[in-house]
Every structure is written in C-alpha cells, then in structure tokens.
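All values reported here derive from a predicted model rather than from experimental measurement. Naming convention: chains lettered A, B, ... in sequence-line order (proteins, then strands); numbering from 1 in each chain.
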2 protein chains.
Amino acid sequence: MPTRREQQRETTLETIKQVARAQMAHEGTAGLSLRGIARDMEVTAPALYRYYPSRDDLITALILDGFNALADAMIAADAAQPRPAYGERIYAIFCAYRDWALANPVDFQLIYGNPIPGFHAPAEVTVPAVVRGFIPMTEALTEAYAAAVLRPPAHFQHLPHTVDAFLRAFADSNGYPVPPEVFAVMAHAWTMTHGMVVLEMHRHTPSLLGDTTAFFQHQIKALCRELNLTVR
Amino acid sequence: MPTRREQQRETTLETIKQVARAQMAHEGTAGLSLRGIARDMEVTAPALYRYYPSRDDLITALILDGFNALADAMIAADAAQPRPAYGERIYAIFCAYRDWALANPVDFQLIYGNPIPGFHAPAEVTVPAVVRGFIPMTEALTEAYAAAVLRPPAHFQHLPHTVDAFLRAFADSNGYPVPPEVFAVMAHAWTMTHGMVVLEMHRHTPSLLGDTTAFFQHQIKALCRELNLTVR
DNA sequence: TGTAAACAGTAAACAGCGTAAACATTTCAG
DNA sequence: CTGAAATGTTTACGCTGTTTACTGTTTACA
C-alpha cells in the first residue's frame with residue numbers, strides 16, 4: 001500500500017505532465033520548457049529533476065501517454081460498435097484516429113512528428129504502445145477476413161514477393177497470425193488516414209478541399225466498400 | 001548589372017543556407033543554430049543578422065528552397081517520361097515525391113513537418129511554392145482525363161456535396177479548371193503517398209512491412225490501374 | 001576625386017534555456 | 001526521538017537568439 005509520500009510523488013509526476021501539456025497547447029510544442037513548467041508550478045526549475053531526470057525523459061513520458069491515449073480512443077470507438085458490423089468497426093476506428101489527432105494536435109505531433117529538437121523517443125519504449133493501438137483494427141480486419149466478409153481486391157493479394165515473404169515471416173514469428181493481404185489492407189488504410197490527418201493538421205488540404213471531414217469520411221467509406229464491408 | 005558587393009552578398013546569403021543545411025543534415029533539424037552557423041563560417045553570430053533579420057527568416061528561406069527543390073524533382077521526373085504515357089507520368093511523379101523526401105529527410109521535415117520550435121512558415125510565402133509542385137500531377141491527370149484515358153472509379157465522382165461544391169468553385173475561380181473528380185483523385189494519391197513517406201521516415205512502417213520501397217511502388221501502381229492508367 | 005551614405009563586421013550585453021553541484025528543509029521509518 | 005531519505009533552493013556554467021553601440025570598408029554621387 002502506498003504511503004502518503006508516494007501518493008504525493010505520483011500526483012506531482014502527473015501535475016508536471018499536465019502543466020507541460022497545457023504549455024504546449026498554448027504555445028505549440030515549442031512551449032515545452034522546464035523553466036516554464038517550474039514557473040507555472042511556483043517552484044524552481046531544478047526541483048523538477050527530482051521527478052524527471054531530464055527534459056527528454058519528461059518528453060518520453062508525454063509521448064508514451066500520447067500513444068496510449070490514441071490507442072484508448074481507437075479501442076473505445078471499436079468497442080462502441082455493435083458486433084459483428086465489421087465495416088462500422090473499421091470506419092469508427094479510423095475516424096477515432098483522425099478525431100483524436102485533430103482534438104489533440106500537440107500530442108499527435110509529439111508522437112507522430114519530430115517537433116522536439118534533437119529528440120527521438122527510444123523505440124523500446126514507444127513500440128509496445130504503438131502496437132497496442134493497432135490491436136483493434138488488426139482484430140476487426142482479421143475477424144472480418146476469417147468470416148469471409150472482408151474480401152480484399154486482387155492487388156492486396158499479389159504483393160511484391162519481398163513484402164509477402166516479410167509479412168509471412170512476421171505472422172509466423174508472432175503468436176497472432178495475420179494473413180499478409182489483411183496486413184496490407186491495414187497498412188493501406190493506416191497510410192491513407194495518417195496522410196490525410198497530417199496534411200490537414202499542417203493546413204495543406206483545407207484550402208484545397210474545403211470540407212476535409214466530409215472528404216475523409218467519404219474516403220474511408222469508399223475503401224470499406226472496396227473491401228466488401230458495408231458501412232453507414 | 002550586379003555590383004561586386006551585390007554578388008558577394010548573394011553568395012553569402014547562399015553560403016549561410018548551405019551551412020545551415022549541412023548542420024541540420026549532421027545533427028537533425030535541431031542542429032540549426034545561428035551561433036553554430038556563425039562558428040562554421042568563422043564569423044560572429046550578429047553578423048548573420050545583416051543577411052537574415054532573424055532565425056525564423058532564415059528558416060523560411062530554407063523552407064522555400066525545399067518546396068522548390070521538391071517541385072523541381074517532380075517536374076523533372078514528369079518531363080523524363082515519354083508522351084502521352086499518362087500512367088508512367090503519374091507513377092514517376094509520385095515516386096519522385098518519395099525519393100526526394102527520403103533523400104532529403106531534413107528538408108522534407110522542414111517543409112512538411114513542424115520540426116522547428118514555435119515556428120510556422122507564413123502561408124503567403126509557402127503556398128505558391130506548394131502549388132508549383134502540384135502542377136505536373138494536376139496537368140498529367142487532367143490531360144489523361146480529357147483524353148478519356150483516366151477513368152476514375154465511381155466513388156471519385158460521387159463526392160460529398162460540400163466537397164464537390166468547393167472544388168467546382170475552386171475550379172471556376174482558377175483560370176485552370178480541374179474537374180472535381182480529377183482533383184479528388186489527386187488528393188487521394190497525394191494523401192496516400194504522403195502518409196507512406198511520413199510513416200516510413202519516422203521508422204514506423206519499415207519494421208511492419210520490410211521492403212517499404214516495393215510496397216510503395218506496388219500501391220501506386222495499383223492505384224494507377226484502378227484509374228485505368230497503364231504503368232510499367 | 002572627395003565625401004557621404006550604405007554595408008559588413010565585431011564586442012559587449014541581455015534574457016532565456018537545460019542542467020549540475022552544494023546546501024537547506026521537510027517528511028517518514030525504525 | 002533520531003537519523004536517513006526525499007524534496008526543495010541557491011548558485012553557477014555554458015548554451016541559445018537577439019539588440020546595441022562602435023569600427024572599418026565599399027559604393028554612389030556631386
């Protein structure tokens with residue numbers, strides 16, 4: 001059972017991240033400064049070093065939170081759909097990806113951009129969190145495929161042999177085998193979604209397309225139908 | 001005709017950018033520091049202010065160069081293809097986009113990411129350079145459509161009415177009318193390409209797909225064929 | 001050609017940053 | 001209650017972008 005001191009420490013660790021997020025939300029990812037956080041907390045800067053050994057460690061913690069929050073959003077969106085309704089699930093998951101990104105642009109840039117000078121999150125920390133976010137869409141697609149509802153167009157089945165070999169090896173090494181064509185479908189959908197989100201976030205598409213939300217939803221629905229999944 | 005001093009000034013302006021790029025290439029976009037550039041040029045930092053009024057102005061200049069270099073790469077790739085060969089042109093243009101990005105990751109992050117703290121390039125400077133890069137693919141697609149070679153699948157023709165209305169207004173306001181369905185195809189292709197490039201650059205896809213080059217080329221070719229364009 | 005203006009550079013300084021070391025205080029456990 | 005651990009402050013170092021004042025050099029014009 002945690003002592004009073006340990007509880008206090010835990011809340012301080014959380015407060016620091018909270019203030020950091022607030023600062024970034026206000027001034028962009030640039031606004032993250034230890035001294036700024038310390039000012040807001042009415043504490044001196046070196047005091048923060050009792051909690052995070054360096055600025056980069058704080059950022060790493062924020063990134064980890066970000067990946068998990070995004071994963072939570074997608075998992076929740078998936079869970080909210082009725083079963084089986086594979087198309088609705090897929091649609092909801094990718095909409096959740098975009099919605100979360102647009103609602104939390106700073107966190108999204110933190111995890112999927114490189115907004116912090118000279119910083120790259122250690123892979124051994126981020127990869128598990130990333131993988132967690134991919135579980136719902138992988139499951140939904142795999143189940144739909146197993147149920148013979150998802151029928152990928154031909155070109156997903158005739159992948160380049162290097163990719164096909166890699167995906168088969170990957171599926172075998174994993175305890176959770178995913179057919180290469182399903183994996184390819186997921187990569188395609190993710191790629192598309194991510195591209196739209198990133199370009200929209202950097203304000204490149206709104207001036208070209210007008211209603212980016214409608215366009216995005218239309219694109220995802222079109223993909224679902226191309227995969228023989230019914231949606232809406 | 002330029003005086004000796006003006007020539008000198010021009011080369012210094014260029015040298016500063018050159019050194020800046022070298023520093024970023026060496027230490028990531030974080031490595032961009034005026035004092036660092038000054039050190040490399042064996043000059044004091046304030047001297048640089050005679051050439052760029054601030055660090056952000058230097059970055060803006062670098063971004064402008066980046067957009068133009070990317071546009072040049074795509075234009076050159078397009079020009080190198082035989083005519084009409086619309087499929088080959090489209091394929092070459094998007095491959096050029098990816099190739100340039102992977103060959104110049106720092107510049108790419110500079111123009112399509114937000115790697116510099118607290119900095120966002122002024123739109124009135126970047127937009128024209130961005131538009132320039134889109135000319136070849138817009139032209140290739142529009143010509144292919146006019147020649148009835150490009151045949152977009154149905155969902156590109158039944159766009160959400162908000163998007164459709166916006167694209168029609170956009171085409172009308174422009175001197176260069178692009179049919180909405182062609183614009184939608186371009187947005188789709190760009191989105192896909194950009195998403196793959198960004199995810200690959202941040203090392204999210206290589207561990208999932210193995211041969212990302214093969215996968216990318218496969219994806220673009222599949223899209224071309226979906227559009228009734230022959231390629232390879 | 002002589003001179004005034006524009007240009008190019010330096011030195012010094014200011015404010016802000018991340019961080020390390022030394023020191024003081026608070027809080028808890030034996 | 002006492003000593004140790006946790007938490008905080010003070011001070012300092014070296015880095016950053018940027019401003020100011022001052023010095024030469026180059027150019028343009030009367």
Quiz item: For A/G36 and B/A45, take the nucleotide of DNA chain C holding the closest heavy atom to each; which residue's nucleotide lies nearer the 5' end?
Solution: B/A45
Practice problem: Please determine, for the side chain of A/P46, which listed nucleotide (C/dG18, D/dT18, C/dA20) has the closest atom? | Solution: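 The answer is C/dA20.
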Quiz item: From the list D/dC22, C/dT19, C/dC23, which nucleotide is the closest neighbour of the side chain of B/R50?
Solution: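 So the side chain of B/R50 is nearest to D/dC22.
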Give the rounded distance in Å between these two atoms: [atom1] of [X] and [atom2] of [N].
X: B/Q8; N: C/dG9; atom1: CD; atom2: P; value: 8 Å
X: B/L48; N: D/dT16; atom1: CG; atom2: C1'; value: 13 Å
X: B/L13; N: C/dC7; atom1: CG; atom2: P; value: 12 Å
X: A/Q7; N: D/dT7; atom1: CD; atom2: C1'; value: 17 Å
X: A/R35; N: D/dT9; atom1: CZ; atom2: P; value: 13 Å
X: B/E6; N: D/dA28; atom1: CD; atom2: C1'; value: 12 Å
X: A/L34; N: C/dT19; atom1: CG; atom2: P; value: 6 Å
X: A/D57; N: C/dG18; atom1: CG; atom2: P; value: 14 Å

Side-chain N or O of [X] less than 4.0 angstrom from OP1 or OP2 on [N]?
X: B/R55; N: D/dT19; value: no
X: B/T44; N: C/dG9; value: no
X: A/R9; N: D/dT7; value: yes

Please find out if less than 6.0 Å separates the ring center of [X] from that of [Y].
X: A/F183; Y: B/F215; value: no
X: B/W190; Y: B/F134; value: yes
X: B/H218; Y: A/F156; value: no

NA contact type, [X], heavy-atom cut-off 4.0 Å: base, sugar-phosphate, or nothing?
X: A/Y51; value: sugar-phosphate
X: A/Y49; value: base
X: B/S54; value: sugar-phosphate

Practice problem: Indicate yes or no: does A/K17 engage A/E14 in a salt bridge with an N to O separation below 4.0 Å. | Solution: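 Answer for the salt bridge query: yes.
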Exercise. Would you mind checking if B/D172 and B/R168 are paired as a salt bridge, meaning a charged N to carboxylate O distance below 4.0 Å?
Key: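 No, this pair does not count.
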